[in-house]
Amino acid sequence: VPETITSRSAAVAADERDALAPLRARFELPADVIYLDGNSLGALPAHVPAAIDDAVRRQWGQDLIGSWNASWWDLPNRIGARIGRLVGAAPGQVVCGDSTSVQLFQALVALARLRLGRKLIVTDGGNFPTDQYLADSAAELLGMQCVRVSPRDLDDVLDRDVAVVSFSAVDYRTGELWDAAAVTAAVHDAGALMLWDLCHAVGVVPFDLDGIGADAAVGCTYKYLNGGPGSPAWIYLAQRHQGAVRLPLTGWHGHADPFALAPTYTAAPGIQRARIGAPPVLSMVALDAALDVYDDVDIAAVRAKSLALTQLVMEYCRMLPGVTVVTPDNRGSQVALSMEHAYEVTQALIARGVVGDFRAPDILRLGLAPLYLRYADVWDALETLRDVLENDAYLDPKFARGLAKVT
Ligand SMILES: Cc1ncc(COP(=O)(O)O)c(C=O)c1O
């Protein structure tokens, strides 16, 4: 357990000791903002605009169609391998492409088709909405039923009727980190298959997909991996299933011989079958460049800093009247605080340059991205929060909800 930080000077001292501190210079961040929303949209790595510019002006503008062979065709595999390293996947099990929602659909249907005699797909009622919607949809398509249960209560529903269990490793709202190894083992004991959504884990929580025996996993790349708005997601299919799975989206990039242009589909060997159609090349170029930041980073060091930053927030906020720390000790890299007027408080913080986000009905969510946040930033953000609460600054009518958009 890292020592408690109880003053700004202690926070500054922690920054001076921080081996990850130099990474901040690799990001472009506005000078007057403390950005605590990297769990929604990661910051811009400073070298990404040049990579996109090269992709547009040289690769597209000058090299035209030749760029498909030179580099574009291979992007989903290359990026997949780089992400695989961050989530404990041996090579040949991850490809990048399309949205998390699409990849959830692919994985849910593919796994459920391996257990067609069974009746149930299990998801978490606290799961991110898209995960729940797609579990419903996959179940409907396959004549199964979707059941919602918290990972905490999985035993209540886990029996030999369950085909697939689909959970997020970190609860998007509370930040709770589930015991993925124990859950996966229990699911396998019931003869079912396990799908993990690592959106809120990849890049901050070390994961060992191969080691825990996960059957499939998906994740986005625009949060802690800093791939940029709408950057494509990824899918992991365990090697042992790759020969047998039948993915529902049988696009031509997943064909065994795409340029034979055959009228019917034959799945490519290995993870290649999880490719669908033409990838969003410009987004992938941005993501590929963004991943450079992770090249020399020890993910265990990222995790240690994440735990220290979240500990600072949790300990400070436990002292704030009217604030309840919702996030438990087993956590990802965010802290959820419940309070009255959470929406207005979030707006008042943003007006003072502290950017977190609000999750209905009463949660202020602070994301702590260890690659570019300083301990002193977090300290300053907490002091701002205290001031906003103590002085009722959030009651200013300009922060009221009204017809303004709900973030
Ligand atoms: C757990 C989880 N799954 C999925 C998504 C989003 O899916 P998509 O990338 O398709 O928008 C999010 C977005 O925050 C998420 O937190």
Side-chain angles (χ1 to χ4, degrees), residues 1-15 18 33-41 126 170-178 200-201 204-205 223-224 302-396 399 401 406-407:
V1 179
E3 72 189 75
T4 304
I5 293 172
T6 52
S7 65
R8 190 169 203 284
S9 57
V12 170
D15 283 321
D18 177 14
V33 163
I34 299 175
Y35 190 61
L36 304 180
D37 219 352
N39 54 329
S40 266
L41 175 68
V170 176
D171 185 297
Y172 82 101
R173 219 184 321 229
T174 66
E176 180 153 9
L177 172 68
W178 304 107
H200 290 271
V204 277
V205 179
K223 300 180 190 293
Y224 298 105
V302 176
R303 173 67 171 158
K305 184 173 175 187
S306 158
L307 285 172
L309 291 172
T310 46
Q311 179 180 320
L312 167 55
V313 175
M314 290 163 77
E315 286 180 353
Y316 188 104
C317 291
R318 282 193 186 114
M319 313 296 284
L320 289 178
V323 173
T324 305
V325 177
V326 175
T327 304
D329 286 341
N330 290 337
R331 60 191 185 270
S333 202
Q334 67 174 64
V335 177
L337 305 169
S338 93
M339 65 191 77
E340 254 193 288
H341 305 293
Y343 176 84
E344 291 82 355
V345 171
T346 307
Q347 300 309 313
L349 285 173
I350 291 171
R352 295 183 184 200
V354 175
V355 179
D357 63 24
F358 166 76
R359 286 292 176 268
D362 64 347
I363 285 188
L364 165 62
R365 207 176 60 152
L366 304 178
L368 292 306
L371 299 193
Y372 47 83
L373 271 180
R374 294 172 293 216
Y375 291 89
D377 296 326
V378 175
W379 180 266
D380 292 344
L382 293 168
E383 292 275 274
T384 306
L385 172 61
R386 185 172 57 82
D387 190 63
V388 161
L389 293 173
E390 271 178 14
N391 295 307
D392 294 340
Y394 58 90
L395 292 178
D396 188 319
F399 302 130
R401 209 150 167 173
V406 178
T407 49

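Please read all numbers here as calculations on a predicted model, not as lab measurements. Note: hydrogens, waters and symmetry copies are ignored here, and every other heavy atom, side chains too, is used.
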Next item on the list: Would you tell me whether T6 and T4 have side-chain atoms, one donor and one acceptor, within less than 3.5 Å of each other?
Entry: no

Next item on the list: Flag the pair N39 / D37 as yes when at least one side-chain heavy-atom distance between them is below 4.5 Å, and no otherwise.
Entry: yes

Check: Any donor-acceptor pair under 3.5 Å linking the side chain of D392 with the backbone of L395?
Finding: no

Next item on the list: Scan L36, D357, V388 and name whichever one has a side-chain contact (heavy atoms from CB on, under 4.5 Å) with L349.
Entry: V388

Checklist line | Shortest non-hydrogen contact from Y375 toward A308 | finding: OH-CB, 3.5 Å

Checklist line | H341 NE2 to D362 CG distance, which is reported to the nearest 0.5 Å | finding: 11.5 Å

Notebook entry, point to check: Taking the side chain as C-beta and beyond, is there a heavy-atom pair between R173 and V326 under 4.5 Å?
Noted result: no

Item checked: Pairwise distance CG(D329) to CG(L177) - rounded to 0.5 angstrom -> 11.5 Å

Check: Do the non-hydrogen side-chain atoms of M339 and Y394 ever get within less than 4.5 Å of each other?
Finding: no

Note to self: Tell me whether the rings of Y172 and H200 are parallel (<30°), tilted (30 to 60°) or perpendicular (>60°).
What the structure shows: tilted

Notebook entry, point to check: Which heavy atom of I363 sits nearest a heavy atom of A342, and at what distance?
Noted result: N-CB, 3.8 Å

Check: Looking at Q334 and T327, what are the two nearest heavy atoms and their distance?
Finding: O-CG2, 3.7 Å

Note to self: Testing the basics here: between I350 and G356, what is the closest heavy-atom pair and its distance to 0.1 Å?
What the structure shows: CD1-O, 4.2 Å

Checklist line | Residues V325, L337; criterion side-chain contact (heavy atoms from CB on, under 4.5 Å); working and verdict | finding: CA-CA 5 Å; V325 177; L337 305 169; 3.9 Å; yes

Item checked: side-chain contact (heavy atoms from CB on, under 4.5 Å) assessment of L373 paired with Y35 -> CA-CA 8 Å; L373 271 180; Y35 190 61; 5.5 Å; no

Next item on the list: Answer with yes or no whether the side chains of T384 and R352 bring together a donor and an acceptor at under 3.5 Å.
Entry: no

Notebook entry, point to check: Can you name the nearest heavy-atom pair linking A376 to R8, along with the distance?
Noted result: CB-NH2, 3.8 Å

Next item on the list: Kindly indicate whether the side chain of L382, heavy atoms from C-beta on, has any atom under 4.5 Å from the side chain of L312.
Entry: yes

Check: Are any non-hydrogen side-chain atoms of V378 and I5 less than 4.5 angstrom apart?
Finding: no

Margin query: Between V345 and E340, does the side-chain contact (heavy atoms from CB on, under 4.5 Å) criterion hold? Intermediate values first, please.
Written below: CA-CA 9 Å; V345 171; E340 254 193 288; over 6 Å; no

Item checked: Rounded distance [0.5 Å steps], CZ in F358 versus CD in Q347 -> 9.0 Å

Next item on the list: Just do the side-chain contact (heavy atoms from CB on, under 4.5 Å) check on R303 and V205 with the steps written out, would you?
Entry: CA-CA 6 Å; R303 173 67 171 158; V205 179; 4.0 Å; yes

Item checked: ring pair (Phe, Tyr, Trp, His ring centres under 6.0 Å) against Y224, all qualifying residues, sequence neighbours excluded -> none

Notebook entry, point to check: Can you tell me how far the OG1 atom of T174 sits from the CZ atom of R331, to the nearest 0.5 Å?
Noted result: 12.5 Å

Next item on the list: Would you mind reporting whether V12 and R374 have side-chain heavy atoms less than 4.5 Å apart?
Entry: no

Check: Does one side chain, of Y316 or E383, offer a donor that lies under 3.5 Å from an acceptor on the other?
Finding: yes

Check: Just how far is it from atom CG of L309 to atom CE of M314, taken to the nearest 0.5 Å?
Finding: 12.5 Å

Check: Distance-only, no hydrogens or angles: does the T310 side chain make a donor-acceptor pair with backbone N or O of S333 under 3.5 Å?
Finding: no

Next item on the list: Heavy atoms only: give me the nearest G38-Y372 pair and the separation to one decimal.
Entry: CA-OH, 3.3 Å

